[in-house]
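Working notes for the structure below.
Remember, predicted model here, so these are calculated numbers, not experimental data. Lettering follows sequence order; numbering is per chain, from 1.
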Number of protein chains: 4
Amino acid sequence: MQCSKPRWERRKDARPQELLGAAIDLFVERGFAATRLEDVARQAGVSKGTLYLYYTNKEELFKAVVRESIVPVIGEAEVSINEFDGHSGDLLRTVMLNWWRRVGQSKVSGISKLIMAEASNFPELAKFYQEEVITRGTRMISSMLERGVARGEFRDIDVTQMTQVLIAPMMMLITWKHSAVAPCDCAELQPQAFLDAFLDMALHGLLPPKR
Amino acid sequence: MQCSKPRWERRKDARPQELLGAAIDLFVERGFAATRLEDVARQAGVSKGTLYLYYTNKEELFKAVVRESIVPVIGEAEVSINEFDGHSGDLLRTVMLNWWRRVGQSKVSGISKLIMAEASNFPELAKFYQEEVITRGTRMISSMLERGVARGEFRDIDVTQMTQVLIAPMMMLITWKHSAVAPCDCAELQPQAFLDAFLDMALHGLLPPKR
Amino acid sequence: MQCSKPRWERRKDARPQELLGAAIDLFVERGFAATRLEDVARQAGVSKGTLYLYYTNKEELFKAVVRESIVPVIGEAEVSINEFDGHSGDLLRTVMLNWWRRVGQSKVSGISKLIMAEASNFPELAKFYQEEVITRGTRMISSMLERGVARGEFRDIDVTQMTQVLIAPMMMLITWKHSAVAPCDCAELQPQAFLDAFLDMALHGLLPPKR
Amino acid sequence: MQCSKPRWERRKDARPQELLGAAIDLFVERGFAATRLEDVARQAGVSKGTLYLYYTNKEELFKAVVRESIVPVIGEAEVSINEFDGHSGDLLRTVMLNWWRRVGQSKVSGISKLIMAEASNFPELAKFYQEEVITRGTRMISSMLERGVARGEFRDIDVTQMTQVLIAPMMMLITWKHSAVAPCDCAELQPQAFLDAFLDMALHGLLPPKR
DNA sequence: GATGAATGAGCATTCATTCAT
DNA sequence: GATGAATGAATGCTCATTCAT
């Protein structure tokens, strides 16, 4: 189980990773349109031309970043939901806090923000992201709500709308985190406090009426 | 009896409105960076140069759009809050539904979305918007929460965090509306249903514990 | 010998003067190409359109400035040369120092500098200036040299070349005065010292050999 | 046996020279502000974009032209002055005639003229040129005068002023050569005759009084 | 006469993409 | 495979001049 490849060949295999790493950094920092491929190449230590050997254009590079960074997180969450068997409120809280740790706190969250910001100027990206991320993520939240309602742990809510209600603050948190403007006089967002406040309210509001 | 169209028409008084109208349309449709001033001018029926007679550059044009479209709405809301004297939950609901009618449902909402998306690439705009809109809007929500707590109509919450919790879904709704990606399989968001679901949950969660 | 015209009518007569005053200021400060007619009009207290009532375009305005400011000085010098009857060296010194007082020390000198700088981009102006100023001025210097040679007060020099030799430092002084670059480490040119040094050397060099 | 011309040719090493060559031609012909970079590129046989691969902007291109064309001449002159050991009058004559051959007679002289003309509109260029050319050139002339005075070969003159007196006609000659206006009725300047006349007079005037 | 709103050609600079080496 | 030189369309902004009022 050794790695007998010579140095430069290992490097060749590593190229896509290095490029994706540079790409995510810059996309997150500047957005899709404002990121220059020359900067991506330079940061990855290769030439502009090389970048085009691996990704046919800017959009394909971006898609690769999404596949690399976000899609796997969703897969893992789907699995953990299927395996969980406690109270649905706990499940919801766990999944959402986990998502915050894996996505919200990492630079990956910048990709989500960027998509919200720029997707309308790049329809191809919008379509891709919708299919690969949004739809699957939404279905995941909905399934937890349905589980809670079915098990009598949640009120009888409008699942479609409540799904969006639950997603919205998480996405907004991300947006604020990456956006130069935010609704707080203080210099820093306090995401954890925000999440606590939100989940507290939300789970409180989802509980079925006491008999 | 000829009526040859003059090369141009002198419309000094109407021009700013025409230009702002064209500008808001295009800014909302394409974002700040992607909007070409030549297109704004053409849509307003004037030449590129004319636009510069009224606004010194792209950023000033954008600021004028904000002053024209968003700032007044905030002013009105501030007034109506001061005059209200019923239950704070009703006040909150009223103000937020009203904001949705005035901003969310109009193209003005596109400006808010655009700012979240692009502010970090245009620090000057970020600063302007933060001061003119975000800070004032945030203070407005907070004051309603404080009123509710003071009058014993709300639980004793963390006002700062809860303010953000309340703002988040509204902003997210706007973002989705303008974003080409959104967490719904259906073709259309249902903002009204979303708002109902959210306010329902939020006001439910804010109520003080029954004695 | 009163001036019975009403206020606004006197003003109308004064317009050309006001415009020329503003024009010379700005041409001297920024050069021909870089001067904006809008600024000239504003400084003269009129509208852009008005300027075009008096001067058909930028070049004509400039010509008027030259006619107003430089041409008369040459006329006066020609007269005073004809009337002088002392030693030609004294005449030369007198005329050149006088020219420095009338032109070099006033903003008029900026026009000469500007012409040297920009004439090649505006052939029409070059032609005009050559005819109205350069040729006449040159002839004037030459005539003094010829007078000196004829009267045995100067060596038997190449008049054409010496004319240029005498003109050159005066023009250069003007150029430096208006030029942002100059061959002195000190902050200020000392035109008077420069002139003294030059005339000293020149008149010394023009004297006929002592028998 | 076809020989279709490629869309472009890769000439990295030659490009800077080609671009500088085109740049100096056009700067000299039209001045700094009036030279369009697109024309420079076209004359060098490349596209606009290529120019920016080598020079970050118009000012840097201009600085490169100066470094390429004028600065070396000054360096050489400084060396030859240090090595000379005859009469200071001969040194002065030699250096100035040499400068005329190397700068005055070539298109390089156009750059000096251009600077005098436009420096005040481009402060950055003025500063650069002052430091790289004017100051060094001035120091060079002064040092020759000081040498002459110290060795008793020149009168005891005001070196600072005389330095300017000597520089002035040389610069003026250049200005006239490139200026579309000049104090001669004939179509052509006769720089050589002018220089002879001037140096004759100047060196004559610098000699110490005969005992 | 006066005004100033309107025009539109003009220019420096950027950057995704191509392709000869 | 890798390089990076070259391309050229795109865009914000300026200003002399025109002309309806």
List, one per line, each side-chain donor-acceptor pair under 3.5 Å for residues 119-126 of chain C, sequence neighbours excluded.
{"from": "C/N121", "atom 1": "ND2", "to": "D/R30", "atom 2": "O", "distance (Å)": "3.1"}
{"from": "C/E124", "atom 1": "OE2", "to": "C/K63", "atom 2": "NZ", "distance (Å)": "2.7"}

Between side-chain atoms of residues 22-29 of chain C and protein atoms elsewhere (two or more places apart, or another chain), which donor-acceptor pairs fall under 3.5 Å?
{"from": "C/D25", "atom 1": "OD1", "to": "C/K107", "atom 2": "NZ", "distance (Å)": "2.7"}
{"from": "C/D25", "atom 1": "OD2", "to": "C/Q43", "atom 2": "NE2", "distance (Å)": "3.2"}

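For C/Y129, the ring pair (Phe, Tyr, Trp, His ring centres under 6.0 Å) test picks out no residue, with sequence neighbours left out. A search for side chain to side chain donor-acceptor pair (under 3.5 Å) contacts involving D/E131 returns nothing, not counting sequence neighbours. Residues forming a side chain to side chain donor-acceptor pair (under 3.5 Å) with B/S69 (at least two apart in sequence, or on another chain): none. Residues satisfying the salt bridge (Lys or Arg N to Asp or Glu O under 4.0 Å) test with C/K48, not counting sequence neighbours, are C/E38. Judged as a side chain to side chain donor-acceptor pair (under 3.5 Å), and not counting sequence neighbours, D/T35 has no contacts. For C/R36, the salt bridge (Lys or Arg N to Asp or Glu O under 4.0 Å) partners two or more places apart in sequence, or in a different chain, are C/D39. Here C/S179 pairs with nothing under the side chain to side chain donor-acceptor pair (under 3.5 Å) rule; sequence neighbours left out.
Atoms OH (D/Y55) and C1' (F/dA5) sit 15 Å apart, rounded to a whole Å. Rounded to whole Å, the distance from CG on D/L61 to P on E/dC11 is 16 Å. D/E59 places its CD atom 18 Å from the P atom of E/dC11, with the value rounded to the nearest Å. Distance OH (A/Y52) to P (F/dG1): 17 Å, rounded to an integer number of Å. In this structure, D/F62 places its CZ atom 15 Å from P of E/dA12, rounding to the nearest Å. Rounded to whole angstrom, the span from the CD atom of B/E60 across to the C1' atom of F/dC13 amounts to 14 Å. Distance D/L53 CG to E/dT14 P: 12 Å, rounded to the nearest Å. Between the CG atom of C/L19 and the C1' atom of E/dA2 there is a distance of 12 Å, rounded to whole Å.
Within the 4.5 Å cutoff, side-chain heavy atoms of D/L20 are placed close to those of D/Y55.
Neither OP1 nor OP2 of F/dA5 sits under 4.0 Å from any side-chain N or O of D/Y54.
Position along DNA chain F of the nearest nucleotide to A/G49 versus D/T50 favours A/G49 as the more 5'-ward residue. Of the two residues contacting DNA chain E, namely D/N57 and B/L51, the nearest-nucleotide position lying further toward the 5' end is that of B/L51.
Side-chain atoms of C/K48 come within donor-acceptor range of the base of F/dT17, with a qualifying N/O pair under 3.5 Å.
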* Asked: How is the base pairing of DNA chain F summarised as a dot-bracket string, given the Watson-Crick and G-U wobble criteria with both distances under 3.5 Å, [ ] for crossing and | for another strand?
  -> .||||||||||||||||||||

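Listed by residue number, there are no residues of residues 117-125 of chain B with a heavy-atom contact under 4.0 Å to DNA chain F. Using a 4.0 Å cutoff on non-hydrogen atoms, the parts of residues 24-38 of chain D near DNA chain E are D/T35, D/R36, D/L37, ordered by number.
Of all the heavy atoms in C/E18 and C/A44, the pair that sits closest is O-CB, 3.8 Å.
The distance from atom CG of D/L51 to atom CG of D/L19, rounded to the nearest 0.5 Å, is 5.0 Å.
Residue contacts for C/K58: at a heavy-atom cut-off of 4.0 Å it reaches the sugar-phosphate backbone alone, with no base atom in range.
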